[in-house]
Amino acid sequence: MNLPPSDDLFAAPEPAGLLKNLNPEQYAAVTAPPEPVLILAGAGSGKTRVLTTRIAWLLQTGQASPGGIMAVTFTNKASKEMLTRLSTMLPVNVRGMWIGTFHGLCNRFLRAHWKLAGLPQGFQILDASDSVSAIKRVIKAMKLDEERYVPKQVSWFIASAKEDAQRPQDIEAYDEQSKTLVAIYQAYEDQCQREGVVDFAELMLRSYELMRDNAAVREHYQRRFQHVLVDEFQDTNKLQYAWLKMFSPPALRRGVFAVGDDDQSIYAFRGARVGNMADFEREYRVGGVIKLEQNYRSFGNILDSANELISRNSKRLGKNLRTEAGPGEPLRVYEAASDFAEAQWLIEEAQALHRQGLRRQEIAVLYRSNAQSRVIESALFNAGIPYRVYGGLRFFERAEVKHALAYLRLLENPNDDTSFLRVVNFPTRGIGARAIELLQDAARLSGRSLYQSVGAVAGKAGSNLLAFTSLIDSTRNLTQGLTLREIIEQILESSGLAEFYRNDKDGAERLENLGELVNAAEAFVTREGFGKDAVALPVDELSPGAISAGLPAAVAPAQETLGRPESPDSPLGGRTTQSVGLGGRRVTPDAETGEIMSPLAAFLTHASLEAGDNQAQAGQDAVQLMTVHSAKGLEFDAVFITGLEEGLFPHENSLTDPEGVEEERRLMYVAITRARQRLYLCFSQTRMLHGQTRYNVKSRFFDELPEAALKWLTPRNQGFGSGFAKEYQDSWSRGSGLKSVVGAGRSAEKPSYEAAPVPRSMKAAAAEKVAAEFGGLKVGKGVFHTKFGEGVLMTLEGTGQDARAQVNFGRHGMKWLALAVAKLTPID
DNA sequence: GGGTCGCCCATTTTT
DNA sequence: TGGGCGACCC
């Protein structure tokens, strides 16, 4: 029943164009029968191409209609990419397809079924920080100790519970602390419900529960989506997998196309379960896993290194990347004396690459943790090299933008206490902590929102509060019928927000961002097609009977949704929903009334689900700085992996359990496979961390790479001797992917490689003075221990019998040793 | 109500 | 070392 009548197949346009240039594995994946399929897609193996071609092929061969397809990704970026690529392949109307992020699709689903899901129609979405502040309020209201119940940790607890599909009543709590946590969870849930808001995890969980508990809805969607495609399957958490099974249960054996790479699973810390891949294979009785191992990105040495490294992991589905591109250049390894010298070296190297014609944006500097970026940034800054750091504050997360959004939310839903509290006294209007406390007490007593309780506060504070709510009310009235742009401009003025930043001496940039917010709204309206004529309710043929029943009783048979040229987007299937005046993708109309969200409500949702760009000043050709995590999915001609030191990468917090080390190794695997042509690995003997100098040993990962693929620019045991410069120059002449740079006239440009002296803080100098009393042991120098082998001395403390040393033995970890007992001998 | 001081903390992050 | 946050003071 998954296939249309055979003559439809023959009538379909020749799909050969789509399938051209696919390798055999890609071809097999794209044209796999409409059954559960698992694609093991290696880095750079054309995964996105396979996914989008699969969709295009399904459509073109008539095996699916746009309305019968759901494709899920994790990031907005990935889903946009999919849509863009798809539209270049086919003149397809993408609006009937459910292509989006897990959360985006859940939002769409809940917007359509808000009533059945027990939500208010205009529910708004809390982002992570909104959620933490909401939890903070709960903890305060419960008069609990914030030291003991840290809002951030509680937030993590709640989100984790939700991601395990657990409601408060499902959690077994025995000790006091856990019981209280569950009580907070419950209170938070009540509060969110009262205020008409949901957090990210709630979007998923509510959708899941509605599917689980409502047979009519479940059957409808199960019939509708003949094809479900999932990207980055290794990153799915327990709830996401369960959610998926609701939409396409194993028993139905529908076309579930799961694509993932277990070797690139690096999000266990936020609940991702690589095990879902194996579970999927088993539960869906996947016939044969298709492996995409042909790599189109990197040269052989890079891939050999990646393969060799990842082969050390025990739990793998098994996969080996290969290329036809030849070995390329060796991986260049550099040992620096200090983090400062490391930064200095890499920017000189980057400059040299740039002089050879490589664009700066093709050069990425990767690090394990954000703190490492500072020294690199300052070196780049001092050298006047443009750079871009990923991972900062995103547009919709900026304080001024969030303030403006809070006002807008209050227009939409005045009972949103989070927003109320955010702006009730910003800009200041004489409403102090005391007044707010009184207001909260009153609200709590009556079980109503803050907004509804302003009348209960007497005196000056009360009248100030009243002034605030009437400001909101009058702006709401004033903006009836205005465009979104006009609404925002109006609230910025009437709230005094714009005025505040105009008067603030440092407000220029914030004012600019508010202007940017107006632009973003304008762009959103244009993109989503909220034209003037879009106000009319666009649903026809909607049966009132179904509405009053409160259930999608009139669910259309699957055949109705299948095979139609223009499949309806209505979540209720066969009925015709017309999107009069709504060009492009539009917001799903309500399933029962067909009502479309107001542009304002839609924009607020958009702002919550897509926090915007997180990179600074785009546009300029700049070196890219980011953590290894944020590099996932990206690729660059040249990549520097920095700080390859024990304790940093692999990170010390991951060393306690083998699973942790394996995840670090996968992280390294991701880092390596980002590079197309050149890969640099570097580490430093000393590093300033948390204001203290740390002495690190090189990462174990160096021992896990094929020696033949590496080129040590600083030969070990040779120090920074005179032979080094020659050695180094040799490595330049071997370029294969890049223009050769060796030759007359270049020597002047050649980076200099004097080892920078280790910068010594006062502390380090003092420690060394003490070291004289420890039989030649010196902080920062090597030591030998009969059991643990070689290590680096980190700290020396105490005297006589109490004398002790802290030694970093790398693989054996950091140890404290009593010098009276342990035999430590200095080496070097 | 706003500004300053001092304390505490310190992988990785998308929605 | 430096950012974020709460307490405290004017």
Side-chain angles (χ1 to χ4, degrees), chain A residues 72-79 100-107 125-133 136 146-147 150-152 156 159 162-163 198-205 207 231-232 235-237 239-240 265-272 339 366-375 378 390-394 396-397 399 425-436 464 504 605-612 614 626-633 643 647-656 660 663-664 666-668 670-671 687-694 759 761 763:
Chain A
V72 206
T73 65
F74 273 86
T75 64
N76 292 301
K77 202 175 155 206
S79 76
T101 62
F102 276 103
H103 294 87
L105 294 183
C106 285
N107 173 59
I125 300 161
L126 299 183
D127 69 16
S129 69
D130 292 336
S131 167
V132 171
S133 45
K136 206 181 263 180
E146 277 195 47
E147 302 268 287
V150 185
K152 255 203 181 121
W156 184 84
K162 289 186 179 182
E163 280 162 14
V198 295
D199 61 29
F200 288 134
E202 187 72 21
L203 282 173
M204 288 288 327
L205 183 52
S207 310
D231 191 16
E232 305 277 20
D235 287 340
T236 51
N237 61 33
L239 178 58
Q240 284 158 338
S265 160
I266 55 174
Y267 285 111
F269 71 92
R270 65 171 198 219
D339 50 352
L366 310 185
Y367 34 81
R368 176 64 179 82
S369 64
N370 288 303
Q372 289 167 249
S373 80
R374 250 209 11 260
V375 63
S378 71
Y390 281 69
L393 252 200
R394 293 139 119 240
F396 287 115
E397 290 167 355
N425 200 35
F426 191 92
T428 50
R429 39 179 78 88
I431 300 167
R434 183 74 196 125
I436 289 169
N464 285 344
D504 189 50
T605 298
H606 165 77
S608 308
L609 285 178
E610 203 168 338
N614 65 354
M626 66 192 82
T627 63
V628 180
H629 281 92
S630 24
K632 187 170 160 226
L648 247 194
F649 198 3
H651 197 276
E652 53 200 351
N653 296 1
S654 312
L655 298 179
T656 41
E663 177 135 328
E664 294 289 307
R666 291 192 291 268
L667 205 45
M668 181 66 182
V670 167
R687 185 172 295 276
M688 195 63 131
L689 200 67
H690 308 325
Q692 280 194 317
T693 308
R694 283 177 48 135
S761 63
K763 262 185 201 164

Hey, does [X] reach any base, or is it just sugar-phosphate, or nothing, if we go heavy atoms under 4.0 Å?
X: A/F102; result: nothing
X: A/K136; result: sugar-phosphate
X: A/I431; result: sugar-phosphate
X: A/A433; result: nothing
X: A/D199; result: nothing
X: A/E232; result: nothing
X: A/S608; result: nothing
X: A/D235; result: nothing

[X] [atom1] to [N] [atom2]: how many Å, rounded?
X: A/K152; N: B/dC8; atom1: NZ; atom2: P; answer: 17 Å
X: A/W156; N: B/dT13; atom1: CH2; atom2: C1'; answer: 14 Å
X: A/L366; N: B/dT13; atom1: CG; atom2: P; answer: 12 Å
X: A/E397; N: B/dT15; atom1: CD; atom2: P; answer: 10 Å
X: A/E146; N: C/dG4; atom1: CD; atom2: P; answer: 18 Å

Quiz item: Can A/H651 be said to stack with the base of B/dT11, given centres closer than 5.5 angstrom and planes under 30 degrees apart?
Solution: yes
Practice problem: May I ask whether A/F74 stacks on the base of B/dT14, given the cut-offs of 5.5 Å between ring centres and 30° between planes? | Solution: no
Quiz item: Does a salt bridge link A/D235 with A/K632, judged by any charged N lying under 4.0 Å from a carboxylate O?
Solution: yes
Quiz prompt | Pair A/E146 + A/K152, salt bridge at N-O below 4.0 Å | solution = no
Self-check item: Conformer about C1'-N of B/dT11 - syn within 90° of 0, anti elsewhere
Solution: syn
Quiz item: Of all the choices, B/dT11, B/dG1, B/dT15, which nucleotide is nearest to the side chain of A/N653 once you look at every atom?
Solution: B/dT11
Exercise. Evaluate side chain to side chain donor-acceptor pair (under 3.5 Å) for A/S630 paired with A/T627, printing each intermediate quantity in order.
Key: CA-CA 5 Å; A/S630 24; A/T627 63; 2.7 Å; yes
Exercise. Report the residue (A/I266 or A/K77) whose heavy-atom-nearest nucleotide on DNA chain B is the more 5′ of the two.
Key: A/I266
Exercise. By nearest nucleotide on DNA chain B, pick out whichever of A/E663 and A/G430 is the more 5' one.
Key: A/G430
Practice problem: Using the C1' atom as the reference point in each nucleotide, state the distance between C/dC5 and B/dT12 in Å, no decimals. | Solution: 23 Å
